[in-house]
Amino acid sequence: MIVPVFRHPQRLIALVLAVFFIIVGCQPTKFQTRVAQVSQLVLVSLSEPATFNYAINESPYSVFPFIYRGLLDENVITNKLEPALAESWSISPDRKRITFTLRKGLKWSDGEPLTADDVVFSYRDIYLNKKIPNTYRDLLRIGDTGAFPSVKKLDERQIEFTLPAPFAPFLRYTERLAILPAHALRSAVFSNDANGNPQFLSMWGTNTDPQKIICNGSYTIESYTPAQRVTFRRNPYYWRKDTEGNSQPYIKRIIWQIISSTDNQLLRFRSGELDSLNVTPSDFGLLKREEKRGKYTIYNGGPSSGFSFVGFNLNQARNAQGKPFVDPIKSQWFNNLAFRQAVAYAIDRNKIKTNIYRGLGEIQHSPIAVQSPYYLSPQAGLKVYNYNPNKARQMLLSAGFQYNSQKQLLDRDGNRVEFEMLVKSEDQSRIDAAVQIQQDLSQIGIKANLQVVSFNVVLRRLLSRRDWDCYVGAFGATGADVEPHLLNLFWSSRGSFHQFNQGPQPGAPPIQGWVVSDWEKEIDSLFNAGVKELDEKKRQAIYGRFQQIVAQQLPVFFLVNPISLQAVRDRVANIKYSGLGSVLWNLDEWQIINN
């Protein structure tokens, strides 16, 4: 899965594209609180953070789940919105005005007051600022015209948003967008560098003294050692308390280690050194046998959120120098619907489910989760592609492809069908799936050459350079089972993560000759209609049509949705786990107990 799509404003950074965030704990350094005996935990990331600047971050490997909050929280067990920085909110009868009231006495981690000015600054001056390229502007586009909400301060604690039209997902988005400190960042937003760009764009890189990063979340950054670890310390000004008046979070210190080897993580967990581990299907049998002796519990969160897929680069545009992003010969293959459908029939997803996921997953047919009321099932008319390599070969021949004497696939001009298949290095199950796909495609004469690189490199290839052929990836949008518009970043033709046909982006070098297909335009229209429609049955029909288009056109082909499994040592209490959210979503409530 991608992910992290974490609790609260941090969960979007996911939007994306797809990753596992793994949490583990080390041998305790004990101390006392009124609630319980607590210790530090060690959390593990597969890659280091790309920046400490929330607004311009595009990587799911980030510190932001620990250090920032938005106006609201989302309970991933109930999927209901709950107060966070805002203690309450109200909606006008016409659903165009939403008023939030902040908690009394909110403070930043440096002790400065957090007020309505910070909320207005975050939305108006950062997220909606055309000079600051960020993924969050896409979430706030409303209606066919792409208009944005306006925001104003009513008093020190009240903020009013005015929407150009009713917009069903707006409250969900205020949960995902962090509130940032105006007193620390305002001057950088309104000052330009030598190139005329806001100095904000170079603010708070990972070379910044971590203790200068001003936060409003559970923790502050104490130290950062590149490629090794980030250390967090409990934020003394964090607002949250339990029912007895004890400050949360209970755990005082967190070490976020950067370890790319899942094998090493498994060894450390089995030795008793670690408190928790994301359980891969390949490790499930071993860990389940040791569960009682190891004094841990494996939590089953059900099918994970998001979707895994293999997709081709459909972009027919050229860069600012006039060079095509994709080799024109390959582009003709990728933009041939029969070619994409043949590839779908050639992939044995049952084998991926059995061999790679050990049966701990479900074959996916749709970008919308099966738990969602908006999910369109095959029984309800969704087109599916069951494994049929003979049909794949016949479709290719009918489309003008041919085979040589070595059973290699050629196009009508005699070019060998060969391309690069990109996959991130941090997820072994993803690599294993790519190897399986490579083998399946070889059975219909296609040569796919694997490119295994770090996820940060993958992001640059997908969203900046656009110079890739095929990608085995994932995209996660926790909460999309409740609000399908959360998938908009990926599926909208102007979406920041519309990677299979990435268009021009604000602040980026121009591109030439970008083509948006008719079916992409129809998806845009459906998402625009879906956010304005408040009748649940009509919304289901809208997103049902969206799923039918995706199944027919196959910009990406869905693979297997794994079961979310998390092993947590029994001495860690108050774990509330769901596959539809990060294990960290209720970190504030975690405690260490004696057992």
Rounded distance [0.5 Å steps], SG in Cys470 versus CG in Asn449:
11.0 Å
Pair Lys447 + Glu420: basic N to acidic O under 4.0 Å:
no
Flag the pair Phe557 / Tyr345 as yes when their ring centroid distance falls below 6.0 Å, and as no otherwise.
no
Mind checking what makes side chain to side chain donor-acceptor pair (under 3.5 Å) contact with Asn501, not counting sequence neighbours?
Trp514, Glu520
Side chains of Phe455 and Ser47, heavy atoms from C-beta outward: is any pair under 4.5 Å?
no
Can you confirm whether more than 12 heavy atoms, excluding those of Arg270, are under 6.0 Å from its CZ atom?
no
From Asn488 atom CG to Ser493 atom OG, the distance as rounded to the nearest 0.5 Å:
9.0 Å
Can any side-chain N or O of Thr354 pair as donor or acceptor with the backbone N or O of Lys351 at less than 3.5 Å?
no
Restricting to salt bridge (Lys or Arg N to Asp or Glu O under 4.0 Å), what partner residues turn up for Lys576, sequence neighbours left out?
Glu589
Give the ring-plane orientation class for His485 versus Tyr173, where under 30° counts as parallel, over 60° as perpendicular and anything between as tilted.
tilted
Go through the structure and list residues passing salt bridge (Lys or Arg N to Asp or Glu O under 4.0 Å) with Asp138, not counting sequence neighbours.
Arg141
Taking all non-hydrogen atoms of both residues into account, name the closest pair between Glu58 and Leu459 and its distance.
O-CD1, 3.3 Å
Just say parallel, tilted or perpendicular for the rings of Trp333 and Phe339, cut-offs at 30° and 60°.
tilted
Can you confirm whether Asn528 sits close enough to Ser525 that some side-chain heavy atom of one is under 4.5 Å from a side-chain heavy atom of the other?
no
When the ring planes of Phe546 and Tyr543 are compared, do they come out parallel, tilted or perpendicular, using 30° and 60° as the limits?
perpendicular
Return the minimal non-hydrogen interatomic distance between Asn313 and Phe334, and the atom names on each side.
O-CD1, 3.5 Å
State which residue, out of Gln402, Lys407, Gln408, fulfils the side-chain hydrogen bond (donor to acceptor under 3.5 Å, both in side chains) condition with Asn404.
Gln408
Indicate yes or no: does Glu175 engage Arg172 in a salt bridge with an N to O separation below 4.0 Å.
no
For the residue pair Phe500 and Trp519, categorise the inter-ring angle as parallel (less than 30°), tilted (30 to 60°) or perpendicular (more than 60°).
parallel
Ring center gap for Phe558 and Tyr385 short of 6.0 angstrom
no
Check step by step if salt bridge (charged side-chain N to carboxylate O under 4.0 Å, His left out) holds for Glu536 and Arg539.
CA-CA 5 Å; Glu536 192 68 12; Arg539 291 196 90 203; 5.1 Å; no
side-chain hydrogen bond (donor to acceptor under 3.5 Å, both in side chains) between Ser59 and Asn57, intermediate numbers included:
CA-CA 6 Å; Ser59 173; Asn57 178 62; 4.9 Å; no
pair Leu565-Asn300: side-chain heavy atoms closer than 4.5 Å:
yes
Would you indicate whether the side-chain heavy atoms of Leu526 and Ile549 approach each other to under 4.5 Å?
yes
Closest non-hydrogen atoms of Ile352 and Gln436, given as atom of the first, atom of the second and distance, are CG1-CG, 3.6 Å
Least distance between heavy atoms, Phe490 atom then Phe497 atom:
CD1-O, 3.4 Å
May I have the step-by-step check of side-chain hydrogen bond (donor to acceptor under 3.5 Å, both in side chains) for Ser276 and Gln566, ending in yes or no?
CA-CA 7 Å; Ser276 182; Gln566 192 80 21; 3.2 Å; yes
So do the side chains of Phe401 and Asn336 get within less than 4.5 Å of each other, counting heavy atoms only?
yes
Can you name the closest pair of heavy atoms from Gln499 and Leu462 and give their distance?
OE1-CD1, 3.7 Å
Under the salt bridge (charged side-chain N to carboxylate O under 4.0 Å, His left out) rule, what do Glu418 and Lys330 come out as? Steps first, then yes or no, please.
CA-CA 8 Å; Glu418 179 178 355; Lys330 296 178 181 179; over 6 Å; no
How close do Tyr403 and Gly445 get, counting heavy atoms only, and between which atoms?
CE2-CA, 4.1 Å
Could you go through Arg465 and Asp467, starting from their C-alpha distance and side-chain angles, then the distance that decides it, and tell me whether this counts as salt bridge (charged side-chain N to carboxylate O under 4.0 Å, His left out)?
CA-CA 5 Å; Arg465 291 167 49 183; Asp467 60 343; 2.6 Å; yes
Is the shortest heavy-atom distance from the side chain of Leu422 to the side chain of Asp469 under 4.5 Å?
no
So that I know where these two stand, are Phe312 and Tyr471 an aromatic pair - ring centroids less than 6.0 Å apart?
no
Please find out if less than 6.0 Å separates the ring center of Phe475 from that of Phe309.
no
